[in-house]
Protein chains: 2
Amino acid sequence: MVTLKQLAEQLSVSVSTVSKALHDSEEISPETVKRVKALAKHLNYQPNKMAISLKSSKTKSIGVIIPNILNHFFAKVLFAIEKEASSRGYDIIICISNESFTKELQSLEVLGNGSVDGFIISIAEETQTKNKIDHFNSILQQQLPIVMFDRVANDVDCDKVIIDDFGAMQKATTHLINEGRKKIALFSNIDELSVGKLRSDGYLKALSDSKEYKNEPIMLTHGKEEDFDEYIEAFLIKNPDVDGIISADNTSGVIALNKALKLGYKVPQQLSIIGFSDENVLKFTDPKLSTISQHALDIGKASVKILIDRIEKVTTVSKTKVIKTDLVLRQTTTH
Amino acid sequence: MVTLKQLAEQLSVSVSTVSKALHDSEEISPETVKRVKALAKHLNYQPNKMAISLKSSKTKSIGVIIPNILNHFFAKVLFAIEKEASSRGYDIIICISNESFTKELQSLEVLGNGSVDGFIISIAEETQTKNKIDHFNSILQQQLPIVMFDRVANDVDCDKVIIDDFGAMQKATTHLINEGRKKIALFSNIDELSVGKLRSDGYLKALSDSKEYKNEPIMLTHGKEEDFDEYIEAFLIKNPDVDGIISADNTSGVIALNKALKLGYKVPQQLSIIGFSDENVLKFTDPKLSTISQHALDIGKASVKILIDRIEKVTTVSKTKVIKTDLVLRQTTTH
DNA sequence: CTGAAAGCGCTAACAT
DNA sequence: ATGTTAGCGCTTTCAG
């Protein structure tokens, strides 16, 4: 790597002159600036990132900690984060907690020693079920800002980017009721998560608020993600009179649709289905699944903006931004 | 952040004593070591990463540049990379080229100035079609090692981790021939990529090597990924006598299966299908898709190992590691 | 307009 | 056993 010192020697000027010239300082004569820049370009000079960080106590890096990169929602948010951050000149250092509290804690500690200027986090399941928040607070005490998205800790005082999980689900469920569905089931493999609970509650609220709707709520919320497809198939066989399905997670809507088709259901005539996914699943379904779209790209972009604002400006109170969802009706719903 | 200097002042010793004590130097008396460590722990001292990097010219970071994080294969490799790297004490800085040569180039340049100790890369489509390799060579000249995986540049002299694309496809196609299939079509939306070509060639070779197989090859390789599902459906309608399908990319096997089922094909009795994906798609298909599994986790892990070996040891000749594939027969093939 | 010097936090060779 | 010093590459005040 070529350094300022080397440039200075070759040009027989001082290091500080070179530094100033490269920053277009008024102090330096136009000719010198030109000479310096020419040589810098010629030798492909690149300022050493570590030296600048050490000097400025700024890293221009963001630590991103997500629970599971194999989940398409998180991958999409990460995509947006990387895009927005890189356009703003920030690097992304990524850690995958794999739903483990310990890994999340370690990641926070490792990156907390001057590696990043702030964090964007979606909380691990274990962290959420055990309600751990001390590790977040200790980072915040070090003046490192945190933006939480999707899975947030209400008890931590930091910026947050979420969607209106409760309202989105309530609206979607109400749509099925208005279609005239009499027996609507909820599928969820994320019922232990904060967002999962909010979504279930939205479903329950919609049912209880409706005058026409008579049946009891039906919630299929148990079982691991791995064998949820078998639960769903068994459920459909056992409950042939269910005429509406709503999914609270990313995948079970798609699974329900494919299983229903296999079992001979006419979709949507006999059975309406709404998933909680985005467009990427469409190519895997025919008829195309109606979904609640949570706009992962907007979530990622907003998270970066809020974090960089806090890093660069000195803002004060924590804010929570709610990204709007859309109910996108395609071919698995009527109306 | 608490520094060595602060510890030194509180303990009324010099900075170097503190530094040595924390590194368990023989030079320092046991008592002093104890005192220093106690205070360090008490104040939660963390060595400043940037200072260490500047001093040692090592960052303990790896730059990972991948074309598309929304592709499940790349997400899975990244997952493995992060896991292996973090267990070895390395951070991952991620850049997404989004298949663009320019973004790939910029990422390489930005991280090339002392931000990382080496790179793991899968090449952008544009880079590959335009056959650009100078940016890789200029990084290598700076003594920064590169490991390429999956999509590699043959003309760049660096370590590589690949699968036997040609052989995997040849074997899978031969399997369909041995099942007695008479008209086997290849679906691919990646035919411009190096790996795509190798896979097509494997298919062609299997057909031409077979004595029993009489039909001409049929390759559906055009169209963008976005509307490939419609191409596939149209193809199936137009070619009802096709009795075998093999997919060279991640998604078209799944799409073909769902479209075939919708059109009333009996799978696998009438039509055998083999995809080029991994287990994650299984929950979306019924019958479960038979696939060529490329072991993304092994690819990621091997890439990290090779890179760190090269960073830490001083190895010489470039090596290419071939990760074995498996033909996993499930429910969309007979035998 | 240019340069010398200090310092970011750390390590390590070299005193004492 | 402990301290002093120099230096990694850069920015920035202060002097000339």
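Numbered from 1 within each chain, the chains take letters A, B, ... in sequence-line order.
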Between P on D/dC8 and CG on A/L4, what's the gap in Å once rounded to a whole number?
12 Å
Salt bridge A/R35-A/E31, side-chain N to carboxylate O under 4.0 Å
no
Is any side-chain heavy atom of B/V33 closer than 4.5 Å to a side-chain heavy atom of B/K37?
yes
Whether the side chain of B/Q128 engages the backbone of B/S194 through a donor-acceptor N/O pair (distance < 3.5 Å, no angle test) should be reported.
yes
Measure the distance from CD on B/E9 to P on D/dT2 and round it to the nearest whole Å.
18 Å
Between B/D117 and B/T59, do the side chains contain a donor N or O and an acceptor N or O under 3.5 Å apart?
yes
Hey, which of these two, B/K20 or B/K55, hits DNA chain D nearer its 5' end, going by closest nucleotide?
B/K20
Under 4.0 Å, heavy atoms only, any strand: does B/P30 hit a base, just the sugar-phosphate, or nothing?
nothing
Remember a base hit wins even if backbone is also touched, and classify B/V13 as base, sugar-phosphate or nothing at under 4.0 Å, heavy atoms.
sugar-phosphate
Nearest-neighbour nucleotide for the A/L54 side chain, C/dC10, D/dT11, D/dG9 considered:
D/dG9
How many Å lie between NZ on B/K58 and P on D/dC8, as a whole number?
17 Å
Residues A/D91, A/K49: salt bridge by 4.0 Å N-O rule:
yes
Does C/dG3 have its OP1 or OP2 closer than 4.0 Å to a side-chain nitrogen or oxygen of A/T17?
yes
Remember a base hit wins even if backbone is also touched, and classify B/S16 as base, sugar-phosphate or nothing at under 4.0 Å, heavy atoms.
base
Just wondering, do B/I163 and B/F149 contact through their side chains at under 4.5 Å, heavy atoms?
no
Pair B/S16-B/S19, side-chain donor/acceptor within less than 3.5 Å:
no
Can you see if the side chain of B/S19 gets near the phosphate of C/dT11 - specifically, an N or O under 4.0 Å from OP1 or OP2?
yes
How close do A/T17 and A/S14 get, heavy atom to heavy atom, and via which atoms?
OG1-OG, 3.0 Å
Below 4.0 angstrom, which residues in residues 35-49 of chain B have at least one non-hydrogen atom near DNA chain C?
B/Y45, B/P47, B/N48
In whole angstrom, give the distance that lies between atom CD of B/E31 and atom C1' of D/dT2.
13 Å
A/M50 CE - C/dT11 C1' separation (whole Å):
17 Å
Presence of A/S14 side-chain N/O under 4.0 Å of C/dA4 phosphate oxygens OP1/OP2
no
To the nearest Å, how far apart are B/L22 CG and D/dA1 C1'?
16 Å
Indicate yes or no: does B/E126 engage B/K103 in a salt bridge with an N to O separation below 4.0 Å.
no
For D/dT2, does either OP1 or OP2 sit under 4.0 Å from a side-chain N or O belonging to B/S29?
yes
Would you say A/K60 has more than 12 foreign heavy atoms packed within less than 6.0 Å of its NZ?
yes
With sugar-phosphate meaning primed atoms plus P, OP1 and OP2, does B/T32 contact a base, only sugar-phosphate, or nothing at under 4.0 Å between heavy atoms?
sugar-phosphate
Of A/H23 and A/K5, the one whose closest nucleotide on DNA chain D sits nearer the 5' end is A/K5
Could you give the angle between the helix axes at the two ends of the helix from C/dC1-D/dG16 to C/dT16-D/dA1, with five pairs per end, rounded to 10 degrees?
60°
What is the distance, rounded to the nearest whole Å, between atom CG of A/N113 and atom P of C/dG9?
13 Å
Nearest-Å distance for atom pair CG/C1', residues A/L11 and C/dG3:
15 Å
Indicate, with a heavy-atom threshold strictly under 4.0 Å, whether B/E26 touches base, sugar-phosphate, or nothing.
sugar-phosphate
